[in-house]
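Chain letters run A, B, ... following the sequence lines, proteins first and then strands; every chain starts at 1. Since we're looking at a predicted model, the values are computed, not measured.
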Amino acid sequence: MSKANTNTRPEARLAKGFRDIEAPELKALNDMTGKIREVYERYGFEALDTPAIEYTDALGKFLPDQDRPNEGVFSFQDEDEQWMSLRYDLTAPLARYVAQNFQTLPKPFRRYAFGNVYRNEKPGPGRFRQFMQFDADTVGAESVAADAEMCMLAADTLEALGLRGKFVIKVNSRNILEGLFEGLGLHLEEDWLRRLTVLRALDKLDRLGWDGVKALLGEGRTDESGDRTAGARLNVEQISLVQAFLSQKIEDENFDGIAVQRPYGLGAMTDSEIYQKGLGELIDIKRRCRAAGFSNDQVRIDLTVIRGLEYYTGPVFEAELTFEVKGDDGKPVRFGSVGGGGRYDDLVARFTGEKVPATGFSIGVSRLQAALSLINEKKTEALGPVVVLVMDKGEIATYQKMTQALRNAGIRAEMYLGSSGMKAQMKYADKRNSPCVIIQGSDERAKSEVTIKDLIEGAKAAAAIKDNKEWKAARPAQFSVSESHLVQEVHNLIKRHQG
RNA sequence: GCCGCCUUAGCUCAGUUGGUUAGAGCGCUAGAUUGUGGAUCUAGAGGUCCCCGGUUCAACUCUGGGAGGCGGUACCA
């Protein structure tokens, strides 16, 4: 290839917001999803896989008043000019599936799903444009019992992942917030934009604190970079009402009974029918969780939980990690929520016109894994395959036979497939993290033996040896056995290293 | 989207107040060691100094624009 062609060659690069996952992380991922799956199965959810691509209208993501899809979703047109999109969550495809198979499904329908979802947004630290979710949903159950179960499922799942005492499932209800809006005099029809702004502001409470949120509720806020965010233009009385409202203590420390402490002046707001409905839901969920043996630390009422803005209609949940980890720069890393969900009673109705109650919980697998990997800082690297060295190209059949014998005994093994000499083969095995290499040159062959070199022991021995010649003469951590004992000896060696 | 910072070897980064052959560490390849990975030493390969235009005798350096990356913020089912 001449130099002139250089600029026509593509650059080998990852698409922005996407990433490669290599063996050690893949293993951790598989372990983790296995544990989640086990809990979901135990709760009685049924596995369901749906495609990564759906028709855009089925996902409900066309821009308002336009025949173009929402910018946040990856979309393209097929040859019929129909818009298709990569799924951005697992709930919208579920709604489509339920609507399509409504007649034949058992109701309530309870399924779990696991897979990659895609969002066409600016990636950030720990935020990618492809990431994994693990969802469980109950469709067709109106009872708040179904919501309570979601909280239990979430708690049990995080317990199963070894996070006992390190997480909390926070619960709130949209109906509570609806009560707040009624109290503020913001009505659904004429004030929906301000209501949205209020929700957005409250959603930032954990990051900005009350000072920042108050600014956003009022006139707006200018951040450090000089970017201006418009506020909800509430007046001072309204803002302090919001703060007082959200600071209500709904539960006492022991939660033997529900103790509602109302700050002064909230009477009118908390008397509303919709607020009482929400309060009833929260108390019901708490009672059920307590009865099922979940503690106050595991499932807690928190009126500041907002969740998504679009489709939730009742209780909402958020799983949050409560421990702090310092990043490479020594600054604490925020994980935020690693999962969430809630009741969405209108999603299937988009297709059928029939209102179908549903509630679900979703784990952000990728984010949770990032958090877990910071706790278990030392990730033990998995052993690679045993490598059978090719000492003599004329004897490849013999080497292949040895390799196959190891494989048949359930041992990961491979014959060196490159074309380099012994030294390079050793380096290769080292890089593969092989437990040992198998050597049979003419010396061993003459005696019908093989040499097994233990790379892990060898590495330890090498640490003590300064002089290379001496070390090589000693040939540490290797031994010869008769050909017939090869499999057994390798088996023993691997067993030793796996503890 | 908005604001700020950044872009020099595979990686992490020096450097040139604008001057001729652009450096280091790590990594890689090879040799010292003709059948032995990880220590040590030596050598070698590897660069359109992000791209396009402008100023200049001269641009990797100054300037204008663009792209990409990072961070904050906004949006986020």
Side-chain angles (χ1 to χ4, degrees), chain A residues 3-4 6-7 11-17 59-61 70-73 85 87-95 117-125 127 129 131 133 135 196-197 199-201 203-204 207-208 212 216 220-230 306-312 329 331 336 340-342 344 347 360 362 384 387 389-392 420-434 436-445 451-478:
Chain A
K3 197 104 183 173
T6 295
N7 56 1
E11 187 188 346
R13 55 181 191 150
L14 268 171
K16 176 177 168 161
L59 292 179
K61 276 296 165 181
N70 187 302
E71 289 163 16
V73 303
S85 297
R87 63 185 176 194
Y88 52 85
D89 69 11
L90 297 173
T91 310
L94 170 67
V117 300
Y118 304 84
R119 294 186 189 179
N120 191 1
E121 293 166 350
K122 182 191 160 186
R127 285 189 65 167
R129 299 207 284 186
F131 57 96
Q133 291 193 329
D135 281 30
L196 196 65
T197 309
L199 288 179
R200 284 173 181 161
D203 205 23
K204 296 178 177 62
R207 193 156 43 82
L208 301 179
L216 286 170
R221 174 174 174 274
T222 307
D223 68 50
E224 310 88 65
S225 67
D227 197 16
R228 176 83 189 162
T229 308
I306 305 296
R307 294 301 299 166
L309 308 168
E310 265 178 48
Y311 58 61
Y312 291 118
D329 51 2
K331 281 190 282 188
Y344 52 97
L347 222 52
S362 173
V387 174
L389 301 195
V390 174
M391 302 295 291
D392 182 345
S420 301
M422 181 174 184
K423 188 171 174 139
Q425 296 189 38
M426 289 299 301
K427 284 192 175 188
Y428 170 80
D430 191 42
K431 212 164 231 177
R432 290 298 306 274
N433 203 23
S434 302
C436 63
V437 295
I438 309 303
I439 304 167
Q440 188 184 54
S442 51
D443 295 352
E444 288 90 350
R445 191 156 50 247
T451 294
I452 300 172
K453 185 177 173 86
D454 185 332
L455 295 186
I456 297 166
E457 277 306 317
K460 286 183 197 159
I465 294 174
K466 284 284 170 284
D467 180 65
N468 187 264
K469 271 191 176 137
E470 172 190 323
W471 152 46
K472 279 196 176 163
R475 291 198 174 168
Q478 70 182 59

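Residue A:Ile439 is in base contact, counting any heavy-atom pair closer than 4.0 Å across all strands shown. A:Asn70 comes within 4.0 angstrom of no nucleic acid atom, judged by non-hydrogen atoms across all strands. As judged by a 4.0 angstrom heavy-atom cut-off over every strand, A:Lys122 is placed among the base-contacting residues. Heavy atoms of A:Lys453 sit under 4.0 angstrom from at least one base atom. A:Gly421 comes within contact range of no nucleotide atom at all, as no heavy-atom separation falls under 4.0 Å. Nucleic acid contact for A:Arg129: none, since no nucleic acid atom lies under 4.0 Å from a heavy atom of the residue. Counting any heavy atom pair closer than 4.0 Å across all strands shown, A:Thr451 reaches no nucleic acid atom. Contact annotation for A:Glu444: base contact, defined as any heavy-atom pair under 4.0 Å involving a base atom. The residue A:Val437 sits apart from the nucleic acid: no heavy atom pair falls under 4.0 Å. Using a 4.0 Å heavy-atom distance criterion, A:Lys16 is classed as a sugar-phosphate-only contact.
Checked by distance alone, A:Glu121 brings a side-chain donor or acceptor within 3.5 Å of a matching partner on the base of B:A77. One cannot find a donor-acceptor pair under 3.5 Å joining the base of B:C3 and the side-chain atoms of A:Arg228.
As rounded to the nearest Å, B:A74 and B:C3 have P atoms that lie 15 Å from one another. Straight-line distance between the C1' atoms of B:C50 and B:A67: roughly 8 Å, to the nearest whole Å. Annotation: B:A30 and B:G37 have their P atoms spaced 11 Å apart (nearest Å). B:G27 and B:G44 have their C1' atoms separated by 14 Å, given to the nearest Å. Across the C1' atoms, B:U33 and B:A14 are found 36 Å apart, a figure rounded to whole Å. Here, B:G47 and B:C28 have their C1' atoms 16 Å apart, quoted to the whole Å. A gap of 27 Å separates the C1' atoms of B:C11 and B:G66, to the nearest Å. When the P atom is compared between B:G15 and B:A24, the two are found 15 Å apart, to the nearest whole Å.
With rounding to whole Å, A:Gln133 atom CD is found 11 Å from B:A77 atom P. At whole-Å resolution of the value, CZ in A:Arg119 and C1' in B:C76 are 7 Å apart. Computed from coordinates, the A:Gln478 CD to B:U36 P distance equals 10 Å when rounded to whole Å. Note: CZ (A:Arg221) to P (B:C75) measures 11 Å, nearest angstrom. Computed from coordinates, the A:Asp443 CG to B:G35 P distance equals 11 Å when rounded to whole Å. Rounded to a whole Å, the CZ atom of A:Arg207 is 8 Å from the C1' atom of B:U73. Rounded to an integer number of Å, the gap from OH of A:Tyr88 to C1' of B:C75 is 15 Å. In this structure, A:Leu208 places its CG atom 10 Å from P of B:C75, rounding to the nearest Å.
As the counterpart of B:C11, B:G25 is assigned, both hydrogen-bonding distances of the Watson-Crick or G-U wobble pattern falling under 3.5 Å. The base-pairing partner of B:G1, taking Watson-Crick or G-U wobble contacts with both distances under 3.5 Å, is B:U73. B:C49 makes up no base pair with any nucleotide shown, lacking Watson-Crick or G-U wobble contacts both under 3.5 Å. Across all strands shown, B:G31 is found opposite B:C41 as a Watson-Crick or G-U wobble partner, with both distances under 3.5 Å. Figure legend. B:G68 is base-paired to B:C6; pairs are counted as Watson-Crick or G-U wobble with both atom distances under 3.5 Å. The partner of B:G54 is B:C62, by the rule that a Watson-Crick or G-U pair needs both atom distances under 3.5 Å. Nucleotide B:U17: unpaired (no Watson-Crick or G-U wobble partner with both distances less than 3.5 Å).
Counting all heavy atoms, side chain and backbone alike, A:Val437 lies closest to A:Ala429 at CG1-CB, 3.4 Å. In plain terms, the two heavy atoms of A:Tyr88 and A:Leu59 that are nearest each other are OH-O, 2.8 Å. Shortest non-hydrogen contact noted between A:Asp454 and A:Ile456 is OD1-N, 3.0 Å.
The one candidate from A:Ile439, A:Leu389, A:Asp430, A:Val387 that meets the side chain to side chain contact (heavy atoms under 4.5 Å, CB included) condition with A:Gln425 is A:Leu389.
At distances below 3.5 Å, not a single donor-acceptor pair connects side-chain atoms of A:Arg129 with backbone N or O atoms of A:Pro123. Side-chain atoms of A:Lys204 come within 3.5 Å of backbone N or O of A:Arg200 as a donor-acceptor pair.
A donor-acceptor contact closer than 3.5 angstrom is absent between the side chains of A:Gln478 and A:Thr451.
For A:Lys204, counting side-chain heavy atoms from C-beta on, the closest listed nucleotide (B:A74, B:G35, B:G37) is B:A74. In the set B:A74, B:C28, B:G35, B:G35 carries the atom at the smallest distance from any side-chain atom of A:Met391. Among B:A77, B:C76, B:G37, the nucleotide with an atom closest to any side-chain atom of A:Lys423 is B:G37.
Residues A:Gly458 and A:Ser420 both approach RNA chain B. Their nearest nucleotides, taken by heavy-atom distance, put A:Ser420 toward the 5′ side. Both A:Asp430 and A:Asp89 sit near RNA chain B, but only A:Asp430 has its closest nucleotide nearer the 5' end.
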Quick one, A:Glu121 with A:Arg127, criterion side-chain contact (heavy atoms from CB on, under 4.5 Å). Give me CA distance, side-chain angles, the key distance, then yes/no.
CA-CA 9 Å; A:Glu121 293 166 350; A:Arg127 285 189 65 167; 3.1 Å; yes

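Contact annotation: A:Arg200 side-chain N/O to B:C76 OP1/OP2 distance is under 4.0 Å.
Once the 5.5 Å centre distance and the 30° plane angle are applied, the aromatic ring of A:Tyr428 is found not to be stacked with the base of B:G37.
The side-chain heavy atoms of A:Met422 and A:Met391, taken from C-beta on, include a pair separated by under 4.5 Å.
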